[in-house]
Student: 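Take a look at this one; I'll ask things after.
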Amino acid sequence: MNLFGTLRAPRELLFGAGQRHALGGIAAKLGQRALIVTDTRLAVDADLLALVRRLEEAGLEVIVDSSTLPDVPVESAIVSAAAARGFAPDLVIGIGGGSCLDMAKCVALLLTHGGRPQDYYGEYAVPGPVMPLIAIPTTAGTGSEVTPVAVLSDAERSLKVGISSPHLIPAVSICDPELTLSCPSGLTAIAGADALTHAIEAFTAIRREPVPGIAQQRVFVGKNELSDHFALSAITLLWQGLERACKDGTDASAREKVMLGATLAGLAFGVAGTAAAHAIQYPVGALTHTAHGLGVACLMPYVMTWNEPLIRGELAQIAHAAGLGGPDEVIPALVSLFERIGIPATLRDLGLEEDRIDWVAEQSSGIARLIQNNPRPLNPHEMRNLVAAAHCGDRSRLN
């Protein structure tokens, strides 16, 4: 067997309750003028205000940009970067959910290299390192604190778009599960289901021939030995903790499992990539204006059913990681778990109109970097059938 693996990660990753209190000493080694990127709700949160004080006590000058919007509209990142230039930050700190972290990545990119986000769409378009970036997630889902991706919404394209480059990986990530204790049950479910989808898609992605240089040609190389390790660990942790965290947000043990699972899932898909569930969600989300995590989790059982003939070995390993009896139990158990935490069962439940199925299938088929990562190919007719099955809730028509 030709063992191949690749890993991209922050230079320093701190995980654990209370680790946010180390921010001042960490930041002082990276810069002296810190721009905090967050949103309006967190800007007045006691934890964030305490972090600002710790930075100031460590001798840093600090300004707070609380303008992050859901899904990070492209123009908002341009405005934020322009507004920050007068302060001349030498360090960016993203604090919040996935949108805040993606906004921080994009602002750091624009402050370092100029231009517009559109200049950097796709893979490997960022010309060099960005200024030091610290990521502090307050939700457990996107894994943005460890990934090479910033996702934005582009009104001109009516879709979400991605900037993918190892240069966007934060220099330091501080994952403190105490920051998720106040996360509402609904958001916990959406974020955690997103993380579980990341882990499953990374683990079941296509395995490419590991030709020398593949990791320099592709940001997302497909499943490999290192990504598999993180993905399986993430599945175990999320399966153990997600429902508990949704039912009792004060369950510190469950919160730890879910946040660690989300971070490990980020390490997995940050090199392996995601696949068809993410490809279909992008146009679905654009039409329904529903949360990303709801869309990918809704789609995951249908995509797994389509892929099942080619992923029997992976399903057996997932079953073991989740404490299930065998591969045939995985998809029904995932459907049941998502139902119990409130994930919609069909695209119809998400609000997708039946007359938009063809458009969604067409748009999804065009997202080549994700479709090419799917273990079982999807031609346009098969994609249309998959979207239609997910719309009406009939997995039996897929195999």
Side-chain angles (χ1 to χ4, degrees), residues 35-45 47-48 51 64-81 83-84 92-111 116-118 120-121 130 133-155 157-164 168-170 173-176 179-180 182-184 186-195 197-198 258-259 262-263 265-266 269-270 274 278 281-282 284-286 288-297:
L35 169 67
I36 292 179
V37 176
T38 188
D39 59 30
T40 53
R41 182 185 69 82
L42 285 169
V44 295
D45 182 82
D47 278 315
L48 187 139
L51 291 176
V64 177
D65 176 351
S66 60
S67 65
T68 300
L69 298 172
D71 300 324
V72 193
V74 166
E75 293 302 319
S76 71
I78 295 172
V79 170
S80 289
V92 176
I93 304 173
I95 303 176
S99 291
C100 292
L101 303 188
D102 285 355
M103 177 77 153
K105 290 177 176 179
C106 197
V107 169
L109 167 60
L110 298 182
L111 287 172
R116 307 177 305 154
Q118 293 94 323
Y120 307 104
Y121 287 173
V130 303
L133 176 66
I134 298 174
I136 305 177
T138 61
T139 61
T142 69
S144 185
E145 65 273 11
V146 295
T147 67
V149 186
V151 178
L152 309 101
S153 53
D154 188 327
R157 301 189 179 204
S158 300
L159 284 173
K160 286 186 176 181
V161 292
I163 301 172
S164 302
L168 294 183
I169 299 173
S173 295
I174 303 173
C175 303
D176 187 333
L179 292 174
T180 68
S182 61
C183 190
L187 180 55
T188 298
I190 292 169
D194 185 21
T197 300
H198 289 155
V258 173
M259 181 168 246
T263 299
F269 92 84
T274 54
H278 276 70
Q281 192 282 329
Y282 283 133
V284 169
T288 62
H289 304 290
T290 49
H292 170 81
L294 283 181
V296 292

Student: Would you mind reporting whether Tyr120 and Leu168 have side-chain heavy atoms less than 4.5 Å apart?
Tutor: no
Student: Under 4.5 Å between any side-chain heavy atoms of Thr138 and Leu48, yes or no?
Tutor: no
Student: Going through the checks in order, is the side chain to side chain contact (heavy atoms under 4.5 Å, CB included) test met by Thr139 and Leu187?
Tutor: CA-CA 8 Å; Thr139 61; Leu187 180 55; 4.0 Å; yes
Student: Taking the side chain as every heavy atom from C-beta outward, state whether Val151 and Tyr282 have any atom pair closer than 4.5 Å.
Tutor: yes
Student: Any non-hydrogen side-chain atom of Cys100 less than 4.5 Å from a side-chain atom of Ile95?
Tutor: no
Student: What's the shortest heavy-atom distance between Cys183 and Thr188, and which atoms?
Tutor: O-OG1, 3.4 Å
Student: Keeping the roles fixed (side chain from Ser99, backbone from Asp71), state whether a donor-acceptor pair exists under 3.5 Å.
Tutor: yes
Student: Taking Thr38's backbone N and O only, do any of them form a donor-acceptor pair with Thr68's side chain (distance below 3.5 Å, no angle check)?
Tutor: yes
Student: Can you give me the closest heavy-atom contact between Ala140 and Val258, atom names plus distance?
Tutor: CB-CG1, 3.7 Å
Student: Are any of the side-chain heavy atoms of Val130 and Lys105 separated by less than 4.5 Å?
Tutor: no
Student: In sequence, state the C-alpha distance, the side-chain angles, and the governing distance for Ser144 and Thr142, and then conclude on side chain to side chain donor-acceptor pair (under 3.5 Å).
Tutor: CA-CA 5 Å; Ser144 185; Thr142 69; 4.7 Å; no
Student: Shortest non-hydrogen contact from Leu152 to Ala77?
Tutor: CD2-CB, 4.3 Å
Student: What I'd like to find out is whether the side chain of Pro73 reaches to under 4.5 Å of the side chain of Ser153, using heavy atoms alone.
Tutor: yes
Student: According to side chain to side chain contact (heavy atoms under 4.5 Å, CB included), who are the partners of Arg41, at least two apart in sequence or on a separate chain?
Tutor: Asp39
Student: Residues two or more places apart in sequence or in another chain: which of them pass side chain to side chain contact (heavy atoms under 4.5 Å, CB included) with Ser80?
Tutor: Asp65, Ser67, Met103, Val107
Student: Just wondering, do His292 and Asp194 contact through their side chains at under 4.5 Å, heavy atoms?
Tutor: yes
Student: State, with a plain yes or no, whether a side-chain heavy atom of Pro137 is found less than 4.5 Å away from one of Cys175.
Tutor: yes
Student: Indicate the atoms forming the closest heavy-atom contact of Ala297 with Thr197, along with that distance.
Tutor: CA-OG1, 3.7 Å
Student: With no hydrogens and no angle check, is any side-chain donor or acceptor of Ser76 less than 3.5 Å from a backbone partner on Val72?
Tutor: no
